[in-house]
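What follows is a set of notes on a single structure, which appears directly below.
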Amino acid sequence: MVRLTRRCTFILRPKAPYSFELTVRKPAGWNLFTPSEIYEGGALSTALHIDGRLVGLKLVSGGDTDSPRILATAVLEREPEPSLKRNLRRSLEDMLGTNEDLGGFYAMARRDSILRHTIDDLRGMHDTHPSDVFGSAILAVCLQMAPIKRSEAMMACIMARYGEEAEFEGERVRAWPLPGTISRLMPEELARVCRLGYRARRIVELANALLDGGFPTMEELARLPPEEAKEKLMELPGIGNYSADIVSPKAGFPIDVWSADVFGKLFYGKEPEDARAAVETIKAEGIRRWGKWSWMAFFYIAQDLENLSRKLGVQLRLQ
DNA sequence: GCGTCCAGGTCTACC
DNA sequence: GGTAGACCTGGACGC
């Protein structure tokens, strides 16, 4: 456990509309940065690595959806140098999507028979971007070929055994493990301890690949053309078409067996008979229909299944 | 209680 | 280049 005491605070002014609650705590339960983060009384406490340093982060809203303000307190082990402070602010803005303009997506969504409901339900929800390629890749690998409960159990074990625990502002939160921590493990040990099965070897190979250096950071991936970023990610062991869309979803429409059922109903009025076989067809239809907004469309729909089920009169299967 | 099936994919050997 | 089959584990299901 690492005790963090050096605080620096930032006031962020996101582009409106920006709903703090919907953005940091997604309705479908997606985490902002790590599975162990805490959301209480309108404040989110989380932990992550920025520039290789463990950072505890507390976020509180200081405004509302139409005139948003976020009070961010970053807590580190040692006093951050000025360049790190600048990086912290820039990273926070990138990760929280504060400069993202929802206008283009909303203009398209208003003309779409499915999306027009979601933008009413989730007005001001922004996409967020974890800083950590390795953490996102672990998440993607744990989602492969497993029911969601088992994926959650695998991730919880990885966090509990190998994640770095930060204590700050009266909270304890674990950040995703660093590649260096996992690369020291034998795959057989990781498989046995966390019941990862064949995924253990992939996660250790991922750690080694990222540890070698030279792989772009999440920030650098975000600056690449989306298709190029995806190709780069698919060079990593264990990361295929679906997982690349999970790690860096800008270019993607991450259809899997679960979402093939949901989008099959939305597009064609019924679940596909063979969801696995229908994945590529449904993915192509999503990209044809929503083009450069495919990921945002997927994101908004995935967070709004309950409301959409009611409004469209279609039972969309929830997690 | 026991056996079987399969799940929010990826990789590889084989053709 | 296209594609079947293997891959861990554990919950659900049928008997």
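Rounded to whole angstrom, the span from the CG atom of A/N241 across to the P atom of B/dG8 amounts to 18 Å. We find that OH of A/Y198 is positioned 18 Å from P of C/dG5, with the value rounded to whole Å. When the C1' atom of B/dC6 is taken as reference, atom CG of A/L143 falls 17 Å away, rounded to whole Å.
A 3.5 Å limit on both hydrogen-bonding distances identifies B/dT10 as the Watson-Crick or G-U partner of C/dA6.
When distances are taken from the side chain of A/M145 to each of B/dC11, B/dA7, B/dG8, the shortest belongs to B/dA7. Comparing B/dG9, C/dC8, B/dA7 by their nearest atom to the side chain of A/R150 picks out C/dC8.
Between B/dT10 and C/dG10, the distance separating the two P atoms is 22 Å to the nearest Å. The P atoms of B/dG8 and C/dT3 are separated by 24 Å, rounded to the nearest whole Å. Nucleotides C/dA6 and B/dT4 are separated by 16 Å at their P atoms, to the nearest Å.
A salt bridge does not link A/R174 with A/E37: none of the charged nitrogens is closer than 4.0 Å to a carboxylate oxygen.
Looking at heavy-atom distances under 4.0 Å, A/S151 makes no contact with the nucleic acid at all. At a threshold of 4.0 angstrom between heavy atoms, the contacts of A/I255 with the nucleic acid are absent. A/P237 comes within 4.0 angstrom of sugar-phosphate atoms only, judged by non-hydrogen atoms across all strands, and of no base.
Not counting sequence neighbours, the partners of A/R13 by the side chain to side chain contact (heavy atoms under 4.5 Å, CB included) test are A/I11, A/R69.
No side-chain heavy atom of A/I182 sits less than 4.5 Å from a side-chain heavy atom of A/L206.
Residues A/K149 and A/R199 each lie close to DNA chain C; by heavy-atom proximity, the contact nearer the 5' end of the strand is made by A/R199.
Taking the six-membered ring for Trp, A/Y268 and A/F263 have ring centres at least 6.0 Å apart.
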